[in-house]
Amino acid sequence: MPRIHVLPEILASQVAAGEVVERPSSVVKELMENSLDAGAREILIEIERGGTALIRITDDGCGMERDDALLSLERHATSKLRSSSDLNNILTLGFRGEALPSIASVSRFRLITRERESLDGTEIQVSGGKIMDVRAAGCAPGTMIEIKQLFYNIPARRKFLKADSTEASHVEHEIRLHALAAPTVRFRYRRDGSEVLELPAVSRKNDRLRHLLGVESAGELIEIPQHHGNGFSVEGFLLPASHARKGRKHQCVFLNGRPIEDIAIARGLNEGFRGGLMEGLHPAAWLWIDMEANLVDVNVHPAKREVRFHRSHELREGISSAVALALLKQQRRAVPQSQQSISAATGEVRSMVPRPIEAPSSPNIAMAHDLPIPHWTSHEVQEQMPLAPEPLESKPKATQGAAAFRWIGLLHQRFAILESHDGLVLFDPRAARERIVYEQLLQAPQRGIASQGLLVPLLIELDPREVDAVMRNQDRFTTAGLELGDFGGGTLQIRSLPAFLHLTDPREFVHDVIDDLIAGGTAGSALAYDKLARLLAKRAGLQEIITDASAQKWLEELFTCDLPYCAADGRPTLTEFSLRELDRRFGYR
Ligand code: ADP
Ligand code: MG
């Protein structure tokens, strides 16, 4: 065996770079973290050719004096850690003192930095880890770091880089992540000379997220109100189950301002949907977690992407309940205005039972039927969480379909009560109908859809903006079996309807869909077909009158759907209360 020797400094840095600097996006990540740690209010990121030719990060942070700037390029040099006890209490994004020397050892590197109080700044040039030049420089307070020709001296690494566009998309992902982690900082991103992102500093995470998401998805965000656990708190946003995807790219988790990936958190998110997600799909979610620093070890991964929680199950459960609660609140809000009344005295929103069929159809009478919402959707959901419905996702039931349930009956012409093999199931026939209609409409572009022409076309009076919104989507409406035409003078003509809908009031139906179209804030542009299908399905579900026969039919049909456990917008179609849970409620355990 050859003799053991200590690696020369530069070689050691290159070895460390192997872990820390995988591709341009990792450089951008490390440098943004340094800027954030330096208290920057504004960060400019520029790249050329996917970051392989140039990466430049400019910040207005605290800057460094000459000696510190030189020291920052040495291995294990950091201003963020002094004693080993600090390791249990890390509040900065960096602490390993490895990034700068690693990056500088595999590139042509230039650093210009100035402390606010200093008269002048310092410029250092490094090539492949060797300091080439140090001089005084005039510059604005803050730090600029420029990396040219990444991996120029490590051809093996360079070969592994993907197309410039792929590398650039990794860079952008990293920037978006950090921009979400630090909304109060302004971020600008330029790629090959053109501006890609310009994110003003905002005080609310919500606003940063909206900037990044685009109007359409932003309109669907479901807020996860702050949830307090033992030594941590969590808050954030979700998109409905219909946005769930196979991968977890749409999940962003920030722990004390650090983007992380963690499987327990991901599971907690899925569990929060209580069976409303198809197996293998993951919801789009953004979570900000604040945790006492001593409850988590961030020093387990060279790129600090993974962490170790001391009480991971508590966090997972906390996230799961926070998500479930958010979805329940959203569900309550989804009950249309006509079925909600707001009690002025208590400010409490209550959902109402739809009118029984035989009842006179005066809205005042309907108000008299105002009933409290089921207790687990009341304002005190948090206290009531033990009775939160349990996931209905086990496979055997899905394959048995409706046969897995014994029909008991309707509850207030609104929900159905079923018996499952281990408890009580509540079924929402309206949500089921919505799912069934949605999936049929989704198939329309490929398979076509039977459309029923009206003998006498129906006319609806609209304002010009509404007519315009409809006409922009005319093709998509036609695909869905709904032929609409501009009759002139602000009148819209309904010529045919999807045959399978059997609408009780087509005019009201179309009117409501148009209202939704406008309320969705997308009036100015054409809506994606699946979004339009969702609107149509929702309104079709709401028009249905629920009877024993129709509800039973939909329960059967529901299990022919691809995603039987949620409506088009992710609301559950079925929720289960297990016998064990009921036993506990009645004091048997
Ligand atoms: P770490 O961030 O783990 O401390 P780095 O190698 O990334 O290690 O940076 C080394 C040190 O250089 C930091 O601790 C910090 O003091 C200083 N530094 C790096 N980047 C900046 C910056 N943009 N502004 C001010 N100081 C910086
Ligand atoms: Mg660092």
Side-chain angles (χ1 to χ4, degrees), residues 9-10 12-22 25-46 55-84 86-87 89-107 109-118 121-124 126 129 131 134 137 139-147 174-175 177-178 181-182 185-188 256-260 293 297-305 307:
E9 259 314 279
I10 292 182
S13 288
Q14 289 173 344
V15 172
E19 289 183 318
V20 184
V21 191
E22 192 192 338
S25 66
S26 9
V27 174
V28 172
K29 166 188 175 293
E30 291 295 337
L31 297 184
M32 282 189 303
E33 287 188 354
N34 282 345
S35 298
L36 290 169
D37 281 343
R41 311 309 314 150
E42 191 175 326
I43 303 177
L44 167 66
I45 302 115
E46 295 162 285
I55 298 172
R56 187 188 296 129
I57 310 241
T58 314
D59 70 46
D60 62 350
C62 64
M64 286 176 273
E65 57 164 63
R66 183 188 169 100
D67 290 348
D68 276 349
L70 280 164
L71 209 58
S72 75
L73 294 165
E74 305 220 348
R75 272 167 51 78
H76 308 306
T78 176
S79 55
K80 303 169 193 174
L81 204 60
R82 296 211 171 272
S83 67
S84 67
D86 288 352
L87 259 185
N89 210 356
I90 290 173
L91 297 170
T92 48
L93 296 167
F95 54 87
R96 300 170 64 101
E98 269 184 344
L100 291 190
S102 299
I103 295 167
S105 74
V106 295
S107 66
F109 178 103
R110 191 157 76 104
L111 175 154
I112 301 181
T113 185
R114 189 190 130 196
E115 286 186 313
R116 191 162 293 277
E117 311 74 43
S118 301
T122 306
E123 173 173 353
I124 304 176
V126 186
I131 294 188
V134 184
C139 59
T143 302
M144 186 220 71
I145 291 180
E146 195 177 78
I147 284 102
E174 228 28 89
I175 295 173
L177 263 184
H178 282 82
V185 176
R186 175 180 183 211
F187 281 79
R188 281 180 300 155
N256 299 340
R258 178 194 308 284
I260 59 159
D297 187 356
V298 292
N299 186 25
V300 294
H301 187 256
K304 300 158 290 179
R305 236 327 109 74
V307 298

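Residue numbers count from 1 along this sequence. What you see is a predicted model; the values in this text were computed from it and never measured. Counting starts at 1 for both ligands and their atoms, in listed order.
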Engineer: Under 4.0 Å from a heavy atom of Arg96: which atoms of ligand 1 are those, numbered in the order shown and with their elements?
Structural biologist: 3 (O)
Engineer: What I want to know is whether Met64 and ligand 1 share at least one N or O pair that is separated by under 3.5 angstrom.
Structural biologist: no
Engineer: Ignoring hydrogens, just give me the one of Gly142, Ala38, Ala104 whose non-hydrogen atom is nearest atom 25 (C) of ligand 1.
Structural biologist: Ala38
Engineer: Any nitrogen or oxygen of Cys62, side chain or backbone, less than 3.5 Å from one on ligand 1?
Structural biologist: no
Engineer: For ligand 1, is Lys80 a contact, meaning one of its heavy atoms is under 4.0 Å away?
Structural biologist: yes
Engineer: Measure across Glu42 and Val185 and return the closest heavy-atom pair with its distance rounded to 0.1 Å.
Structural biologist: N-CG1, 3.9 Å
Engineer: Any idea which protein heavy atom is nearest atom 1 (P) of ligand 1, and the distance to it?
Structural biologist: Gly97 N, 3.6 Å
Engineer: Which ligand 1 atoms are under 4.0 Å away from a heavy-atom of Pro101?
Structural biologist: 6 (O)
Engineer: Starting from atom 14 (O) of ligand 1, which protein heavy atom do you reach first, and at what distance in Å?
Structural biologist: Ser79 N, 3.0 Å
Engineer: Can you see which heavy atom on Ala140 is nearest to which on Arg114, and at what distance?
Structural biologist: O-CB, 3.9 Å
Engineer: What residue and atom, counting heavy atoms only, is the protein's closest point to atom 6 (O) of ligand 1, and at what distance?
Structural biologist: Leu100 N, 2.9 Å
Engineer: Taking both backbone and side chain into account, is any N, O or S atom of Asn34 nearer than 2.8 Å to the Mg ion (ligand 2)?
Structural biologist: yes
Engineer: Side chain or backbone of Ala99 under 4.0 Å from ligand 1, or both, or neither, by non-hydrogen atoms?
Structural biologist: both
Engineer: Among protein heavy atoms, which sits nearest to atom 4 (O) of ligand 1, and what does the distance come to when rounded to 0.1 Å?
Structural biologist: Thr78 OG1, 2.5 Å
Engineer: Looking only at heavy atoms, what is the nearest atom pair of Ala69 and Ser72, with distance?
Structural biologist: O-OG, 2.8 Å
Engineer: Should the pair Glu46-Arg188 be classified as a salt bridge under the 4.0 Å nitrogen-to-oxygen rule?
Structural biologist: no
Engineer: If you count the atoms of ligand 1 from 1 in the order shown, which ones are under 4.0 Å from a heavy atom of Glu98?
Structural biologist: 6 (O), 8 (O)
Engineer: With heavy-atom distances below 4.0 Å as the criterion, list the atoms of ligand 1 near Phe95.
Structural biologist: 1 (P), 3 (O)
Engineer: Between Glu33 and ligand 1, which part of the residue brings a heavy atom under 4.0 Å of the ligand: side chain, backbone, both or neither?
Structural biologist: neither
Engineer: For Leu93, does its backbone N or O pair with a side-chain atom of Asp37 as donor and acceptor, under 3.5 Å?
Structural biologist: yes
Engineer: Which atoms of ligand 1 sit under 4.0 Å from any heavy atom of Ser72?
Structural biologist: 11 (C), 12 (O)
Engineer: To the nearest 0.5 Å, how far apart are CD in Glu123 and CG in Leu111?
Structural biologist: 9.0 Å
Engineer: Backbone, side chain, both or neither: what part of Ala77 comes under 4.0 angstrom of ligand 1, heavy atoms only?
Structural biologist: backbone
Engineer: Have a look at Asn34, Ile57, Leu71 and point out the one with the heavy atom closest to atom 21 (C) of ligand 1.
Structural biologist: Asn34
Engineer: side-chain contact (heavy atoms from CB on, under 4.5 Å), that's the test. Do Asn34 and Met32 meet it? Break it down for me.
Structural biologist: CA-CA 5 Å; Asn34 282 345; Met32 282 189 303; over 6 Å; no
Engineer: To which protein heavy atom is atom 23 (N) of ligand 1 closest, and what is the distance rounded to 0.1 Å?
Structural biologist: Asp59 OD2, 2.9 Å
Engineer: Given that the side chain starts at C-beta and the backbone is N, CA, C, O, which of these parts of Thr92 lies under 4.0 Å from ligand 1, counting heavy atoms, or is it both or neither?
Structural biologist: neither
Engineer: Within a distance under 4.0 Å of any heavy atom of Gly94, pick out the atoms of ligand 1 and give their elements.
Structural biologist: 2 (O), 3 (O)
Engineer: Among all the protein's non-hydrogen atoms, which is closest to atom 22 (C) of ligand 1, and how far away is it?
Structural biologist: Thr143 OG1, 3.7 Å
Engineer: Using a strict threshold of under 4.0 Å (side-chain N to carboxylate O), is an ion pair present between Arg305 and Glu174?
Structural biologist: yes
Engineer: Gly121 and Cys139: which non-hydrogen atoms are nearest, and at how many Å?
Structural biologist: CA-SG, 4.1 Å
Engineer: Check for me whether Ala40 has a heavy atom closer than 4.0 Å to any atom of ligand 1.
Structural biologist: no
Engineer: Taking Met64's backbone N and O only, do any of them form a donor-acceptor pair with Thr113's side chain (distance below 3.5 Å, no angle check)?
Structural biologist: yes
